[in-house]
Every structure is written in structure tokens, then in C-alpha cells.
Amino acid sequence: MDMQATNIPAGDDSGPDVVGPEPDEGVQRCLQLLVDAGLRPTRQRLALGQLLFLRGHRHVTAEGLYEEALAANAYLSLATVYNTLNQFTEAGLLRRIAADGIKSFFDTDTSVHPHFYFEGEDVLVDLAEGLAFTRIPEALPGHEIARLDVIVHLRRKSVT
């Protein structure tokens, strides 16, 4: 996907959000998604939004998304990718999953669902349906449960 062909200005973010002919359907969907989330549809947000939200449900890292953006001719800095992922998360478009305490994944499915994390492979996938909790702990006085994250860590068995 060539990000330069989206009719989004390549300049800074101080100009108009969209110029030129009507954007294609994918760009229009991203525009609407950003506007509905209360975000200004800048060139950077639209480029990353297309990579994130037009390819189905995904788990991405900032570094992986940065590489995808470069391959799609969307020339952004890694800092811009991190900032945009954080903005998307704050706006409720993504869910941050801290799989190993160091690396964060960003999930396009913001619903509550468990994950498998493959240690040593840096891969996060949704856990198959069927996990059920019969009881979750009560929140401490004066608090409420904001979310529940379940990550099952897997590693390959050693061959003996």
C-alpha cells in the first residue's frame, strides 16, 4: 500500500487535514474513525490508521508498525509511531498489552479477551474461545476494576 497515494498532504500538521480529490473508501473509513474518536486526522494518523484498522484484527508493536510504514512509503519517525499509538490508545481505538514487562503490543480489538504470548518469539495471539472466570476479585475500597488482562505465556519445550 503506497501511503503517499492517499491524497493526504505530506507537509506539517498545521495545514488543512485533507486536500485534493475525495479520498478512497479506506481513507474515508480511517478519517471517520479518527473523527469519531475525537482525533484530528493528520497525515501521520491516517497513514498509521490505514495500516492498523484496514487489515483486520491485529497485534502490533511500535517497531513492527514503523517497519510496515516505511515499507508502505509512509516516512515517519519511530517517535511519531509511538506517539500515535499512545494517542490511539488514549482515544479508545487500541488496547495496550504489556506482554513481558518490556515490550508493549497494541491490539486493534479493544474488547476484553485473553492472549497467548510466545516467549522468545515476541508473538501475541488471541487465546481461543472458552476461557471462563467463575469469580474475579472484588476491587479494593474506593476503587473499581478498570480492566482485566489475562496473558498466558508459552515457550517451546526443550527437546531432550
Working note: Arg156 + Glu121, criterion side chain to side chain contact (heavy atoms under 4.5 Å, CB included); need CA distance, chi angles, decisive distance, verdict. CA-CA 10 Å; Arg156 299 226 183 254; Glu121 299 174 41; 3.2 Å; yes
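- Note on Tyr75: it clusters hydrophobically with Tyr66, by side-chain heavy-atom contacts below 4.5 Å among ILVMFWY residues.
- Once rounded to the nearest 0.5 Å, the distance linking CG of Leu48 with CG of Leu85 reads 6.5 Å.
- Within the 4.5 Å cutoff, no side-chain heavy atoms of Leu94 are placed close to those of Val60.
- Hydrophobic clustering places Leu127 together with Leu154 (ILVMFWY residues linked when any side-chain heavy atoms are closer than 4.5 Å, directly or through intermediates).
- Residues Leu54 and Cys30 meet the side-chain proximity criterion, which asks for heavy atoms closer than 4.5 Å.
- Ring geometry for His59 versus His113: interplanar angle of 30 to 60°, hence tilted.
- A side-chain N or O of Glu63 and one of Tyr82 form a donor-acceptor pair less than 3.5 Å apart.
- Under a hydrophobic clustering in which Ile, Leu, Val, Met, Phe, Trp and Tyr are joined whenever their side-chain heavy atoms come within less than 4.5 Å, directly or via other members, Leu124 and Val152 fall into different clusters.
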Let me see the working for Val123 and Phe116 under side chain to side chain contact (heavy atoms under 4.5 Å, CB included), right down to the final yes or no. CA-CA 8 Å; Val123 174; Phe116 280 129; over 6 Å; no
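- For the pair Leu76 and Ala69, the tightest heavy-atom approach, listed with the atom from each and the gap, is CD1-CB, 4.4 Å.
- Side-chain contact between Leu34 and Leu93: present, with at least one pair of heavy atoms (C-beta onward) separated by less than 4.5 Å.
- Within a 6.0 Å sphere centred on CD of Glu138, heavy atoms belonging to other residues, nucleotides or ligands number 12 at most.
- Across all their heavy atoms, His153 and Ala99 have their closest contact at CE1-O, 2.7 Å.
- Linking ILVMFWY side-chain heavy atoms closer than 4.5 Å, directly or via other members, places Ile102 and Ile97 in two distinct hydrophobic clusters.
- A salt bridge between Asp122 and Lys103 is present, with a side-chain N of the basic residue lying under 4.0 Å from a carboxylate O of the acidic one.
- In this structure, Leu39 and Ala91 approach most closely via the heavy-atom pair CD1-CB, 3.8 Å.
- By the side chain to side chain donor-acceptor pair (under 3.5 Å) test, Asn83 pairs with no residue at all, sequence neighbours left out.
- Side-chain contact between Tyr117 and Val125 is absent, with no heavy-atom pair separated by less than 4.5 Å.
- Residues Leu46 and Val27 share a closest heavy-atom pair of CD2-O, 4.1 Å.
- With respect to the salt-bridge test (charged N to carboxylate O, under 4.0 angstrom), the residues Arg55 and Glu68 qualify.
- His115 and Asp107 are linked by a side-chain donor-acceptor pair at a separation below 3.5 angstrom, with hydrogens and angles left out of the test.
- Of all the heavy atoms in Ala62 and Leu78, the pair that sits closest is O-CD1, 3.9 Å.
- Leu33 has its side chain within reach of Phe53: a pair of non-hydrogen atoms, C-beta onward, lies under 4.5 Å apart.
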Passes side chain to side chain contact (heavy atoms under 4.5 Å, CB included), Phe88 versus Leu52? Steps please. CA-CA 10 Å; Phe88 285 178; Leu52 286 166; 3.7 Å; yes
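- To the nearest 0.5 Å, the span separating CZ on Arg45 from CD on Gln87 amounts to 4.0 Å.
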Arg95 and Asp149: side chain to side chain contact (heavy atoms under 4.5 Å, CB included), yes or no, with the steps? CA-CA 10 Å; Arg95 185 171 178 197; Asp149 289 325; 2.4 Å; yes
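- Taken from OG1 in Thr108 to CG in Leu51, the straight-line distance is 12.0 Å, to the nearest 0.5 Å.
- Between Phe106 and Thr89, some side-chain heavy-atom pair lies under the 4.5 Å cut-off.
- Environment of NE2 in His57: crowded, with over 12 heavy atoms of neighbouring residues, nucleotides or ligands closer than 6.0 Å.
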Check step by step if salt bridge (charged side-chain N to carboxylate O under 4.0 Å, His left out) holds for Arg58 and Asp109. CA-CA 7 Å; Arg58 309 185 61 203; Asp109 178 356; over 6 Å; no
